[in-house]
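One-based numbering, in listed order, for ligands and for the atoms of each.
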Amino acid sequence: MVKRLRVGVLISGGGTNLQAILDACESGRLTAEVVFVGSDTPQAAGLERARRRGIPTFVVDYRAVTAAFRENPGAAALPADFRLEEIRAKQGLMGNTVDPARVDGFLVSRAMAEAALLAAMREIPYDLIALAGFMRTLTPYFIDRVNSDRASLRLMNIHPALLPAFPGTDGYGDTWRYGCKVAGCTVHFVDYGEDTGPIIGQRAFPIREEDTLETIRRRGLEQEWELYPECIQLFAEGRLRTERMVHELPGGRRFERSVVRIAPAA
Ligand code: GAR
């Protein structure tokens, strides 16, 4: 008997992936329940989907937090457990050519918003956090506090491209503009980089001559609505294991990467 997984969902927009997760919970395809829905945007339409079902919601208005920081950086009230040097060393979101003061400003303002998210999340116990169209990059400050047990990752994301191609905010758009003949979506665990974490599942579909960005987005979302609940169910069944792989390449080079192994169904 698989115990019901407690899933917290973070969204920024319409929440059709959230809806797919809610529907899968209701139909029994997913042995889980959504215990809260959080957002960085007060107007996120997806919040209403949660409210209609009586699921607790909260908002951390990122725009307001970062605007307040820009206006008066000196007044930033940092969380007591925030260590800038440690977060700076870990982060893989901004390259090392970026002005260090800008990197620090970004990390500090994000930590303020992330501390507020974590405070809201602490109110309700969860086993997994699913990012479902949450359009903010998360820093190591947040990621480490969700993955409190380093050995078991519990922060998942869905991305609208076949990673590692086209990370960022417009996966389907980037795929289409590049002239790809195949598009897709990816569910992965979140690590310190931008959409770089261990891959759990992917779906691909052909791009036809008559396709437009609109049709690709629509078909992509339809794939996402199936893929995300499937991946969460694998997590609920305890079938996901992350393994560090080291490959020796020609020329004495090495390639190291954490990959997800999926155990067979019991
Ligand atoms: C989805 O296509 C999801 O893959 C994407 O945002 C959309 C949200 O739709 N996520 C990202 O781009 C994350 N970088 P939804 O709000 O209807 O679920």
What pairs of residues pass the side chain to side chain donor-acceptor pair (under 3.5 Å) test when at least one of them lies in residues 56-72, not counting sequence neighbours? none
Write none if no such pair exists; otherwise list each N/O atom of ligand 1 with its protein N/O partner under 3.5 Å and the distance.
unit_1: ligand 1; atom_1: 2 (O); unit_2: E224; atom_2: OE1; d: 3.3
unit_1: ligand 1; atom_1: 2 (O); unit_2: E224; atom_2: OE2; d: 2.9
unit_1: ligand 1; atom_1: 4 (O); unit_2: E224; atom_2: OE1; d: 2.8
unit_1: ligand 1; atom_1: 4 (O); unit_2: E224; atom_2: OE2; d: 3.2
unit_1: ligand 1; atom_1: 14 (N); unit_2: G168; atom_2: O; d: 3.4
unit_1: ligand 1; atom_1: 16 (O); unit_2: G15; atom_2: N; d: 2.8
unit_1: ligand 1; atom_1: 17 (O); unit_2: T16; atom_2: N; d: 2.8
unit_1: ligand 1; atom_1: 17 (O); unit_2: T16; atom_2: OG1; d: 2.6
unit_1: ligand 1; atom_1: 18 (O); unit_2: T16; atom_2: N; d: 3.3
unit_1: ligand 1; atom_1: 18 (O); unit_2: N17; atom_2: N; d: 2.9
unit_1: ligand 1; atom_1: 18 (O); unit_2: N17; atom_2: ND2; d: 3.0

Do L163 and V260 share a hydrophobic cluster (ILVMFWY, side-chain heavy atoms under 4.5 Å, transitive)? no
In plain terms, say whether D127 and R154 are close enough for a salt bridge, that is, a side-chain N and a carboxylate O under 4.0 Å apart. no
Using a cut-off of 6.0 Å, state whether more than 12 heavy atoms not belonging to E210 lie near its atom CD. yes
Donor-acceptor pair, R239 side chain versus A263 backbone, under 3.5 Å? yes
Counting only heavy atoms not in R102, do more than 12 sit closer than 6.0 Å to its CZ atom? no
